[in-house]
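See below for the structure under consideration.
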Amino acid sequence: MELKEKVLTAHNRQIWLSSILAKVGNTSPIGKLLLLIFYYLEAVIIFKDWRDFLYIRKDNIGNKFFALDQAVIHSTHAEVKRLMQTEPQIRSNYLGIIKMRASSYLLNNPLSLGTNGQEHSGVRAVILQALPDPLETAETLGKLVNQNLADAAKQGQLHIGKDLPAMILRILHQLVFEMSFSEEEVTASQAYIQDIGLALLPNFVVKYLLRSKSAPHIQHRQRLIERYKQSPKWAAYLEIGSQHQLNEHQIANSLFDMTHLAGTAGTSALLGSVIGVLCLNDGLRNDVMAEANEIGNKQEPLNKSVLENATLTEKVILETARLYPPVRFVSQLTTQSGEITIGEKKCPFQKGTLLMGSIFTANRDANRYENPDTFDVTRNFSDILSWNSQGHERICPGTSLSIAIIKTFCLYLFQKYQWDSSTDVKWDFANFKPFTPDDLVLQGFAQKL
């Protein structure tokens, strides 16, 4: 069966499922079982052909369609923006399209992105306390980035998929906890992030049947959380969390999610894509290099002014985030039941149905962007959807730090370092994994004399 036929036939089953759930409910035992079965049936398709899956359904069914466990996918810029700005939002344990079923992988803590109410307010307060103002810590940020790039220069290459996540892990743990990472801890944290897909399996499978694979990751998370409590900054985080009725376990696990999933996975993927874009476009790379040399002196520490004046570099980051968003989906739950038009059919949906915004298709919406598949730094980025848009309670608290980290890498790459050649730049539009050219290698990577 061809992919198109498979994707559309599966959607017909989703239409059937909506009518069944209207009779049995989505919280009944049979309803839950059906949703579980449908999630895994569709996950097999979407995890292998995620972009084609989206566009086959969008082009043949419409701008809204069902997917996975009866989630209603919204694919246009206007609809995804509307979803993001809904307040209040009720979230669940979804990391993109990964439904985190294995609670043991998260130490029986909800995903921080999926918390609600008072717990969400507390988690957000702790995260905002933990994330430094990048303009005020520019010199420290510059030193950390330069130190990591210098280590890469010693090995003569910079590998996007392997080296960047390790660098971001080290940088974030220094900034948030004033804590150094051993190579063993870096390796273990990278493995935890890479195997996050384990969490979509039922908990008993992960905890018992796949124990040999999951146990090292779970133990690493446990050890690292205990280390967090030894940080000189821990008392401040504990105080903020306690004011919102969070306990130590909730605070530490939320900070783990922030540094590993949102921070490292997201920022390193976007950084890799920015480097990939600049490797492909000689003219743009030369312009960014000229800006770096104009606004900064490689002999002086990084400062607030340099970061603020890297305007072209920031536009490159924003346009890269539009075309190659590290977070491709955002979701929330409906607070009531109702009816929705899918294609030409009116379908019932239940309270607690997942509403999912496809940031990837929204960012390439021709009704919002002229020539949406073309890289263009002159666009208006005022309502960019990456980093969960702006002006609402769920905006990404790490936006400014993420952009500043990527700016600093770009500035230092062109001011202080050089490379002889690079391998092919390719994004994977089929397999659902970190959306970055992770096989890209800058060869002959060295410090400038």
Side-chain angles (χ1 to χ4, degrees), residues 1 3 5-50 53-54 56-57 61 64-74 89-111 113-116 195-211 213-214 218 329-340 342-343 345-358 432:
M1 186 183 297
L3 179 62
E5 183 181 357
K6 186 185 299 184
V7 170
L8 295 179
T9 299
H11 193 270
N12 289 335
R13 291 196 294 265
Q14 290 276 3
I15 299 292
W16 171 84
L17 177 62
S18 70
S19 63
I20 297 300
L21 292 177
K23 298 174 182 178
V24 303
N26 58 357
T27 58
S28 67
I30 184 63
K32 289 180 179 179
L33 178 60
L34 286 170
L35 288 172
L36 180 69
I37 292 171
F38 269 69
Y39 179 88
Y40 290 126
L41 286 175
E42 294 228 328
V44 171
I45 307 173
I46 194 171
F47 276 83
K48 292 183 178 179
D49 290 285
W50 65 269
F53 179 99
L54 290 173
I56 289 171
R57 289 200 173 168
I61 298 166
K64 296 177 185 176
F65 48 85
F66 287 125
L68 298 168
D69 49 354
Q70 195 76 169
V72 180
I73 306 289
H74 296 65
Q89 289 184 23
I90 305 299
R91 295 282 186 93
S92 187
N93 256 21
Y94 280 83
L95 185 64
I97 59 174
I98 299 175
K99 184 167 186 178
M100 311 287 274
R101 297 181 184 276
S103 58
S104 59
Y105 203 80
L106 305 176
L107 302 188
N108 300 313
N109 200 67
L111 186 68
L113 296 171
T115 54
N116 297 295
D195 286 343
I196 195 67
L198 284 173
L200 66 78
L201 298 173
N203 191 54
F204 77 91
V205 174
V206 173
K207 190 173 182 180
Y208 300 109
L209 302 183
L210 296 179
R211 180 177 176 78
K213 188 171 184 63
S214 65
I218 295 170
F329 297 91
V330 64
S331 62
Q332 59 185 276
L333 302 177
T334 58
T335 56
Q336 58 186 14
S337 60
E339 193 174 64
I340 189 169
I342 302 291
K345 295 187 177 183
K346 291 188 179 296
C347 301
F349 66 86
Q350 310 305 304
K351 178 181 178 181
T353 294
L354 193 70
L355 301 178
M356 188 172 287
S358 168
F432 195 81

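The figures that follow rest on heavy atoms only: side chains count, while hydrogens, waters and symmetry mates do not. Position 1 is the first residue of the sequence, and the numbers go up from there.
Arg91 is listed as a side-chain neighbour of Val330, based on a closest heavy-atom distance under 4.5 Å. When side chains are defined from C-beta on, Leu200 does not count as touching Ile97, because their heavy atoms never get closer than 4.5 Å. Proximity of Leu68 to Leu354: side-chain heavy atoms (C-beta onward) are nowhere separated by under 4.5 Å. With a 4.5 Å cut-off on side-chain heavy atoms, Tyr94 and Leu111 do not count as touching.
The distance from atom OH of Tyr208 to atom OG of Ser214, rounded to the nearest 0.5 Å, is 10.5 Å. Remark: Phe349 CZ to Ile342 CD1 distance equals 9.5 Å, nearest 0.5 Å. Here Leu198 contributes atom CG and Tyr105 contributes atom OH; the two are 5.5 Å apart, rounded to the nearest 0.5 Å. If you take CD1 on Ile90 and CG on Asn116, they are separated by 4.5 Å, rounding to the nearest 0.5 Å. Leu36 contributes atom CG, which lies 9.5 Å from atom CG of Leu41 (distance to the nearest 0.5 angstrom). The NZ atom of Lys213 sits 12.5 Å away from atom CD1 of Ile218, with the distance rounded to the nearest 0.5 Å.
Residues Ile98 and Tyr39 come closest through the heavy atom pair CA-OH, 3.5 Å. Residue Ala22 comes nearest to Gln350 through the heavy atom pair CA-NE2, 3.4 Å, listed as atom of the first residue, atom of the second, then distance. Taking all atoms of both residues into account, the shortest heavy-atom contact from Asn26 to Leu21 is CA-CD2, 4.2 Å. For the pair Lys207 and Arg211, the tightest heavy-atom approach, listed with the atom from each and the gap, is O-CB, 3.6 Å.
Remark: Lys351 pairs with no residue by the side chain to side chain contact (heavy atoms under 4.5 Å, CB included) rule, at least two apart or across chains. A search for side chain to side chain contact (heavy atoms under 4.5 Å, CB included) contacts involving Leu3 returns Val7, Ile45, Asp49, Asp52, Ile56, not counting sequence neighbours. Listed by chain and number, the residues in a side chain to side chain contact (heavy atoms under 4.5 Å, CB included) with Ala67 are Glu42, Phe53, Arg57, Ile73 (sequence neighbours excluded). With sequence neighbours left out, Ser103 forms a side chain to side chain contact (heavy atoms under 4.5 Å, CB included) with Asn108, Asn203.
Residues in residues 5-29 take part in no salt bridge (charged side-chain N to carboxylate O under 4.0 Å, His left out) pair, two or more places apart or across chains. Here salt bridge (charged side-chain N to carboxylate O under 4.0 Å, His left out) pairs that include residues 94-111, with residues two or more places apart or in two chains, are Asp69-Lys99.
The backbone N or O of Thr334 lies less than 3.5 Å from no partner atom in the side chain of Thr353, so there is not a single donor-acceptor pair. No donor-acceptor distance shorter than 3.5 angstrom exists from the side chain of Gln89 to the backbone of Ser331, with no hydrogens or angles considered.
Ring-plane geometry between Phe432 and Trp50 is classed as perpendicular, the angle between the planes exceeding 60 degrees on a 0 to 90 degree scale with a lower cut at 30.
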